[in-house]
**Q** 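The structure that follows is given in the form of structure tokens.
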Amino acid sequence: FRNSNQTKVTIGDIPCRIRSINTTTIVCWTGSNSRTDLAAAVRVLIEDRGYAIGTVNYQYMNLWSSLWTWGGRSPPESGT
């Protein structure tokens with residue numbers, strides 16, 4: 001187990017600021033990404049140990065009501 005000063009997390013090459021960390025869980029906040037359809041690789045770098053890279057992907061998404069979720073178009077209406 002390493003503390004947050006010795007651990008770095010990136011999601012799709014964007015730094016993810018660690019909020020809490022323990023032996024099984026890392027909670028972090030990502031920065032923004034201009035692509036909302038990006039399935040991004042999650043990478044954890046532990047200082048002096050190397051990268052932990054798995055098959056986990058993070059999906060950047062906007063709110064249902066956001067035009068950007070729908071490629072700049074209006075969201076579908078109820079029942080569609």
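The model shown is predicted, which means the values in this text are computed figures rather than measured ones. Any value given below was found using the heavy atoms of this structure, including those in side chains, with hydrogens, waters and symmetry copies removed.
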**Q** Roughly how far, to the nearest 0.5 Å, is the NZ atom of Lys8 from the CD1 atom of Ile26?
**A** 11.5 Å

**Q** Taking the side chain as every heavy atom from C-beta outward, state whether Ile18 and Val27 have any pair of such atoms under 4.5 Å apart.
**A** no

**Q** Distance alone, cut at 3.5 Å: any donor-acceptor contact between the side chains of Thr24 and Asn22?
**A** yes

**Q** Provide the closest heavy-atom pair for Pro75 versus Ser65 in the form atom of the first, atom of the second, distance.
**A** CG-O, 3.6 Å

**Q** Which atom names give the shortest non-hydrogen contact between Ile11 and Cys16, and what distance separates them?
**A** CD1-SG, 3.9 Å

**Q** Does CZ belonging to Arg73 count more than 12 external heavy atoms closer than 6.0 Å?
**A** no

